[in-house]
**Student:** 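Dumping the structure here so I can ask a few things about it.
Quick note: numbers below take in every heavy atom, side chains included, and nothing from hydrogens, waters or symmetry partners. Small disclaimer: the values here were computed from a predicted structure and weren't measured. Residue indices begin at 1 and follow the sequence shown.
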Amino acid sequence: FSAATQPSTNWHLKENTRDHHTSKFSSKELIVRRGQAFVVTFSGIEQPEQNLTFIAETGPKPSKQAKTQATFGISSTVSKENWSAVLQSTSSNSASIAISSPANAVIGRYKLSVQSTSSGSSSPATLGTFVLLFNPWSSGDDVFMSNKAECEEYVLEEFGIIFSGNTHHINSFGWNFGQFQGDILNICLSMLDRSLNYRQDPATDVSHRNDPKYLGRVLSAMVNGNDDQGVVLGNWSGNYEGGKSPSSWTGSGEILQNWKKSGFKPVRYGQCWVFAAVLTTVLRCLGIPTRTITNFSSAHDADGNLRVDEFYDASGNHLERGADSVWNFHVWNESWFSRSDLGPSYSGWQILDATPQEESGGIYQCGPASRNAIKEGDVELDYDCPFVFAEVNADRMYWNYDPATGKKTLIFSKTTTIGQFISTKAVGRDDRVDVTSDYKYEEGSRKERDIFKKARKKLGLEDKFDPTAPTPKEIEQKPDISGKFKVAGPLEVGKDLNLILVLANLQSDVKSVHVNMTAWSTVYTRRPVREIWKDSISVTLSPGEEENSTSLSTSPFQEVVESSDIAYQPSPLQSRQPKYPQPILVGDALQPFY
């Protein structure tokens with residue numbers, strides 16, 4: 001190199017970004033994908049035909065051992081295992097070089113330098129920086145996706161559809177992921193550099209950034225603000241003072257920009273779809289194929305027994321006993337990559353969940369859990385498979401609990417209500433695709449029950465003493481009387497709600513029933529907010545008789561609430577019978593599930 005000048009670099013932005021599917025980024029810095037060559041031309045060379053050595057390095061302490069630094073000369077062919085440079089052309093004082101990274105290279109911002117080995121120069125000359133991303137178009141990459149239309153959808157598509165609502169009324173709304181906007185890529189890289197892993201050991205953290213499962217897990221923690229001053233602070237209280245209502249966000253860009261502008265303080269506020277949408281943005285930005293998934297009647301199994309236990313008193317009031325719950329819907333992510341740690345049968349879609357529900361490894365992170373492992377009940381595998389399995393396939397156990405004696409009696413259980421209409425956006429269209437069969441076998445089938453038993457056995461629950469485990473007789477116990485609400489007339493916010501209670505005697509003798517009813521307003525996680533209605537009736541039913549009671553009028557919508565977050569949930573009913581006292585569960589009036 002000339003002693004008086006530094007080399008001038010032409011990164012061929014237009015051609016390289018076109019070939020690397022990165023042309024949507026609005027950046028003057030070269031952004032390319034690993035495992036694929038890019039061309040760079042530099043001038044200021046006195047003898048370009050002489051031997052050249054290149055240095056590509058990333059992170060705070062680049063090293064060859066950690067694979068965060070590579071030194072390589074010009075060769076005649078591209079190496080698949082290592083960094084390489086192939087001479088394309090030369091002129092009197094310039095050279096064009098095709099530089100290739102291995103398909104498992106660490107992703108992130110690199111500095112590229114060059115040194116002439118024959119010039120006697122003591123230090124290399126810096127050519128500039130570039131950003132290296134995952135490459136789902138490269139067959140050697142862990143995130144390789146053979147279907148090009150899916151690559152377009154799950155990496156390059158900036159707009160999407162997210163599903164919400166409940167099992168009886170599925171809603172959808174648009175979301176601007178905006179992964180190519182302005183400074184989003186730099187913010188995504190900042191997320192990695194602000195993670196707990198990076199703070200504890202920067203060099204080791206950067207060396208693991210070649211692994212999509214590692215990055216997915218780190219980012220599932222960084223998107224929520226619970227442990228690490230992450231991006232979004234969750235709030236399910238209904239009071240969003242000091243921030244924005246979760247339902248008011250329409251895109252990830254504003255959230256990520258606000259996080260940066262605030263000095264990286266968590267943005268207020270988000271709920272599950274916000275966490276999932278932001279994680280989609282970040283992973284697509286880095287090149288990992290990702291989509292949002294909505295699970296309806298989604299279980300939160302807090303104690304890890306693959307069951308959701310719900311407790312009611314003798315009057316049918318729901319008791320706040322235990323942390324298990326069932327959400328009307330829950331949104332998480334699936335990302336596509338191989339699982340060399342588990343084996344090829346567990347590769348493909350992996351579940352990641354950034355919503356802070358339960359700690360994993362001491363912090364709020366979830367996944368990646370192999371979707372194939374979930375379907376087959378292989379819940380012992382990394383990461384967080386028991387929690388995800390329960391979300392889509394837990395059994396619901398309904399208990400009558402007496403606070404005075406501490407005695408609990410199983411009313412009955414339901415094995416088919418959790419994990420319904422699991423939904424995602426279609427490729428290239430705004431339609432809903434049901435992927436429930438990819439998470440579990442058909443509900444009620446022998447195969448599905450065998451998988452459930454297999455999962456419990458793998459967790460050591462099959463033979464372990466469980467004070468809440470019902471006896472076979474209790475499980476098979478059928479109610480003497482069934483009950484359900486029917487809605488009479490249209491449902492209008494701000495107006496009374498009219499219900500018809502339908503009771504049926506399932507036995508061959510006369511039954512006298514006293515029914516206590518209460519109702520609460522709840523958020524979409526079904527956490528009760530307040531009691532809004534109470535009533536009771538007495539009915540005598542002949543054998544096999546079905547009785548439609550007089551319309552019951554309530555006014556559950558007169559309080560000011562976030563309409564997207566609030567549902568109406570009547571309690572189970574209490575049937576008082578001389579011989580077999582047992583509650584009759586009739587479920588949600590607006591969303592009957594029995």
**Student:** Are His300 and Glu358 close enough that a side-chain donor and a side-chain acceptor fall under 3.5 Å?
**Tutor:**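 On atom types as modelled, these side chains qualify, holding a pair under 3.5 Å.
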**Student:** Taking the six-membered ring for Trp, are Trp83 and Phe72 parallel (under 30°), tilted (30 to 60°) or perpendicular (over 60°)?
**Tutor:**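 Parallel, since the angle between the ring planes stays under 30°.
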**Student:** Under the criterion salt bridge (Lys or Arg N to Asp or Glu O under 4.0 Å), I'd like the reasoning laid out for Asp19 against Arg33: C-alpha separation, chi angles, the key distance, then a yes or no.
**Tutor:** CA-CA 9 Å; Asp19 295 342; Arg33 300 188 186 278; over 6 Å; no
**Student:** Count the heavy atoms of every other residue, nucleotide or ligand shown that sit under 6.0 Å from NZ of Lys440, and state whether that count exceeds 12.
**Tutor:**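 Correct, the count exceeds 12.
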**Student:** Are the aromatic ring centres of Phe264 and Trp259 under 6.0 angstrom apart?
**Tutor:**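 Between Phe264 and Trp259, the centre distance is under 6.0 Å.
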**Student:** Would you say the side chains of Thr68 and Thr58 form a donor-acceptor pair under 3.5 Å?
**Tutor:**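 No.
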**Student:** So which atom in Val388 and which in Cys366 form the shortest heavy-atom distance, rounded to 0.1 Å?
**Tutor:**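 In terms of heavy atoms, the two residues are closest at CG2-SG, 4.1 Å.
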**Student:** Can you find a heavy atom in the side chain of Tyr198 that is under 4.5 Å from one in the side chain of Arg209?
**Tutor:**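 Yes; the side chains approach each other to less than 4.5 Å.
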**Student:** Is it true that Tyr214 and Asp205 share a donor-acceptor pair across their side chains at a distance under 3.5 Å?
**Tutor:**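 The criterion, which ignores hydrogens and geometry beyond distance, is satisfied for Tyr214 and Asp205.
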**Student:** Does either side chain, that of Thr22 or that of Thr17, offer a donor lying less than 3.5 Å from an acceptor on the other one?
**Tutor:**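 No.
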**Student:** Please step through side chain to side chain donor-acceptor pair (under 3.5 Å) for the pair Glu241 and Tyr269, ending with a clear verdict.
**Tutor:** CA-CA 9 Å; Glu241 185 178 351; Tyr269 293 104; over 6 Å; no
**Student:** Can you see whether Thr294 engages Arg432 through a side-chain donor-acceptor pair at a distance of less than 3.5 angstrom?
**Tutor:**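 Short answer, no.
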**Student:** For residues Ser247 and Ser245, is any side-chain donor paired with an opposing acceptor at under 3.5 Å?
**Tutor:**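 Side-chain D/A pair, Ser247 to Ser245: present.
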**Student:** Mind checking whether Tyr439 and Trp332 have parallel, tilted or perpendicular rings, split at 30° and 60°?
**Tutor:**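 Answer is tilted, since the angle falls between 30° and 60°.
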**Student:** Knowing that exactly one of Ile351, Asp353, Ile422, Asn333 qualifies, which makes a side chain to side chain contact (heavy atoms under 4.5 Å, CB included) with Ile293?
**Tutor:**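 Considering Ile351, Asp353, Ile422, Asn333, a side chain to side chain contact (heavy atoms under 4.5 Å, CB included) with Ile293 is found only for Ile422.
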**Student:** With a 4.0 Å cut-off on N to O distance, would you call Glu29 and Arg109 a salt bridge?
**Tutor:**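 Counted as a salt bridge, because a side-chain N and a carboxylate O are separated by less than 4.0 Å.
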**Student:** Run Phe38 and Phe130 through ring-ring contact (aromatic ring centres under 6.0 Å, His included) and show every step you take.
**Tutor:** CA-CA 11 Å; Phe38 62 92; Phe130 65 94; 5.1 Å; yes
**Student:** Can you confirm whether the side chains of Asn372 and Ser370 place a donor and an acceptor under 3.5 Å from each other?
**Tutor:**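 No donor-acceptor contact under 3.5 Å links the two side chains.
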**Student:** Got more than 12 heavy atoms from elsewhere within 6.0 Å of NZ, Lys64?
**Tutor:**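 Not more than 12 within 6.0 Å, no.
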**Student:** Please report the interatomic distance OH(Tyr154) to OG1(Thr280), rounded to the nearest 0.5 Å.
**Tutor:**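 So the gap between those two atoms works out to 11.0 Å.
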**Student:** Using 30° and 60° as the class boundaries, would you call the ring planes of Trp349 and Trp336 parallel, tilted or perpendicular?
**Tutor:**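 Perpendicular: the ring planes of Trp349 and Trp336 meet at over 60°.
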